[in-house]
There are 2 protein chains.
Amino acid sequence: MYENKYLSIYHDIVSKIRQGHWKPYDKLPSENELAEQYETSRETIRKALNLLSEHGYIQKMKGKGSIVLDVGKYDFPVSGLVSFKELAQKMKTPAKTIVHELEVIKPGEYLKKHLHVTNKDEIWKVVRSRKIDGEHIILDKDFFHKKFVPVLTRAICEDSIYEYIENKLKLKISFAKKEMFVDKVTDEDRKYLDLNGYDHVVVVKNFVYLDDASLFQFTESRHRLDKFRFVDFARRNH
Amino acid sequence: MYENKYLSIYHDIVSKIRQGHWKPYDKLPSENELAEQYETSRETIRKALNLLSEHGYIQKMKGKGSIVLDVGKYDFPVSGLVSFKELAQKMKTPAKTIVHELEVIKPGEYLKKHLHVTNKDEIWKVVRSRKIDGEHIILDKDFFHKKFVPVLTRAICEDSIYEYIENKLKLKISFAKKEMFVDKVTDEDRKYLDLNGYDHVVVVKNFVYLDDASLFQFTESRHRLDKFRFVDFARRNH
DNA sequence: GAGTGGTCTAGACCACGGC
DNA sequence: CCGTGGTCTAGACCACTCT
């Protein structure tokens with residue numbers, strides 16, 4: 001297992017915090033002490049501590065030191081790019097994915113605008129619903145460039161497309177833009193979701209970019225109002 | 001004007017990108033070249049470039065170089081901590097804040113749980129609505145520790161409390177946690193908002209922490225369904 | 001004044017991409 | 001192969017906090 005020094009230090013400190021080696025509001029050893037303990041330079045320690053800070057594990061204070069934060073409170077990925085599978089595991093509720101549509105289409109006007117493709121390009125369209133506690137609560141509509149994802153099967157869609165893309169296809173997802181708003185339910189929502197009488201859904205649009213800044217996926221995720229929840233952890237830097 | 005070297009380099013490159021000195025998908029000079037140009041070390045250049053990357057201005061690619069991203073697309077603060085005033089300025093629609101309640105209260109059970117205060121503490125309670133295009137669309141309920149914010153006036157609340165806190169009181173806001181979900185409308189919503197027939201609102205709960213990791217503000221922001229919109233920009237790092 | 005984190009330097013080696 | 005960005009080092013000076 002190859003890992004950078006600063007990453008291994010980061011992971012070591014994370015696990016020590018999680019195991020209660022340091023408790024919330026405890027002071028961490030100083031950067032100089034940590035540099036000695038881990039037999040490395042201070043800058044490397046600082047890289048590890050900055051990661052801890054960005055991920056909400058510690059708070060650094062100039063002239064004072066670094067304190068451990070209440071980790072349970074912030075135990076979620078830093079705003080977004082969570083796949084449904086991770087989410088389902090976190091929630092510990094049995095969840096199931098049903099694939100309704102899986103086909104290659106030509107982009108219409110709407111997709112051409114969002115995916116920056118031409119008429120000649122072929123696009124994967126995947127429509128899936130997510131069943132949690134016996135109810136179909138989320139409707140996911142994914143669109144991928146076929147040139148990025150040449151093969152896609154029902155089995156892959158039932159598992160996790162993200163996992164397939166990152167681990168099998170080795171495409172590197174770099175950043176994503178999310179938009180959230182509320183929309184009236186559509187016929188498609190009525191067809192695939194258990195709406196429970198609600199006439200609106202929360203829509204999360206997700207634009208996913210690869211390492212070279214090319215937009216390769218556009219996803220629209222439609223959530224039943226009462227089951228939607230989003231958590232965001234933002235650190236003020238400048 | 002005192003500024004760090006890496007910050008001034010960051011701001012210089014930002015302004016050059018904004019002025020079109022480099023266009024989207026242009027390659028930036030290499031880190032070594034920039035180090036020469038700015039007469040500094042490579043590590044300092046790297047700090048500036050990492051900032052640019054985090055803020056969505058550039059994309060770094062190992063072995064290749066850094067390219068400029070389409071800045072218009074990502075021109076918003078990186079997920080959150082936006083005050084209403086900034087938002088109103090960005091939207092360029094006339095907006096007005098109406099202060100409905102401004103008082104010092106003793107914390108009830110709910111607040112004690114969220115603000116981590118005791119019965120003896122005094123809490124500012126501020127209830128305001130936001131009027132945009134002639135309609136009351138957002139209801140904001142803010143709660144502050146009185147020990148952090150000893151004085152609060154109607155005029156301040158009508159302007160921007162954040163601005164007052166950061167610029168006048170010099171309190172440093174460090175990080176915030178947001179939760180978003182949909183809730184049934186309450187009597188309070190009906191009283192202060194133009195609900196336009198909607199029977200649900202989008203609730204954004206905001207927990208704001210200071211530099212020393214103490215929670216000092218709790219805000220509940222209730223948005224009319226059709227007017228709610230949230231944008232988030234997330235970069236994948238590890 | 002002693003100790004802390006924040007910045008900065010001038011070097012080094014590495015992994016990756018393209019030629 | 002060379003140039004790129006990624007990691008790492010051993011020092012230095014600074015601003016800040018506490019005593």
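Predicted model only: the values in this text are computed from it and were never measured.
In terms of the side-chain hydrogen bond (donor to acceptor under 3.5 Å, both in side chains) criterion, residue partners of B:Tyr10 (sequence neighbours excluded) are, by chain and number, B:His55. Evaluation of the side-chain hydrogen bond (donor to acceptor under 3.5 Å, both in side chains) rule for B:Glu33 yields B:Ser30 as partners, not counting sequence neighbours. Under the rule for a ring-ring contact (aromatic ring centres under 6.0 Å, His included), A:Phe181 has no partner lying at least two apart in sequence or in another chain. In this structure, A:Tyr38 has no ring-ring contact (aromatic ring centres under 6.0 Å, His included) partners at least two apart in sequence or on a different chain. A:Asn32 is linked by a side-chain hydrogen bond (donor to acceptor under 3.5 Å, both in side chains) to nothing, counting only residues two or more places apart in sequence or in another chain.
For C:dC8, the OP1/OP2 oxygens have no side-chain nitrogen or oxygen of B:Ser41 closer than 4.0 Å. For the pair A:Thr40 and D:dT9, the criterion of a side-chain N or O lying under 4.0 Å from OP1 or OP2 is met. Between A:Lys47 and D:dT7, a side-chain N or O to OP1/OP2 separation shorter than 4.0 Å is present. For C:dT9, one of the phosphate oxygens OP1 or OP2 lies less than 4.0 angstrom from a side-chain nitrogen or oxygen of B:Thr44.
For B:Glu43, whose side chain is taken as the heavy atoms from C-beta onward, the closest listed nucleotide among C:dG11, D:dG6, C:dC8 is C:dG11. Among the nucleotides C:dT7, C:dT4, D:dG6, the one closest to the side chain of B:Lys60 is D:dG6. Checking C:dG5, D:dT4, D:dT9 against the side-chain heavy atoms of A:Lys5 singles out D:dT9 as nearest.
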_Protein proximity profile, nucleotides 13-19 of chain D - base contact B, sugar-phosphate-only contact S, no contact -, cut-off 4.0 Å on heavy atoms_ = ---BSS-
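A:Tyr10 places its OH atom 18 Å from the C1' atom of D:dT7, with the value rounded to the nearest Å. As a whole-Å value, the separation of A:Asn32 CG from D:dT9 P is 14 Å. Taking atom CD1 on A:Ile45 and atom P on C:dT7, their separation rounds to 17 Å, with Å as the unit. Distance CD1 (A:Ile67) to P (C:dT4): 16 Å, rounded to an integer number of Å. Atom P of nucleotide D:dG5 and atom OH of A:Tyr6 are separated by 16 Å, given to the nearest angstrom. Put simply, CE on B:Met61 is 11 Å from P on C:dG17, counting in whole angstrom units. Summarising the geometry, the separation between OH on A:Tyr38 and P on D:dT7 is reported as 18 Å, rounded to the nearest angstrom. Taking atom CG of A:Leu52 as the reference point, atom P of C:dG5 lies 13 Å away to the nearest angstrom.
In this structure, the side chain of A:Asp12 does not engage the main chain of A:Ile9 through any donor-acceptor pair within 3.5 Å.
Salt-bridge annotation for A:Arg154 and A:Glu101: absent, with no side-chain N of the basic residue lying under 4.0 Å from a carboxylate O of the acidic one.
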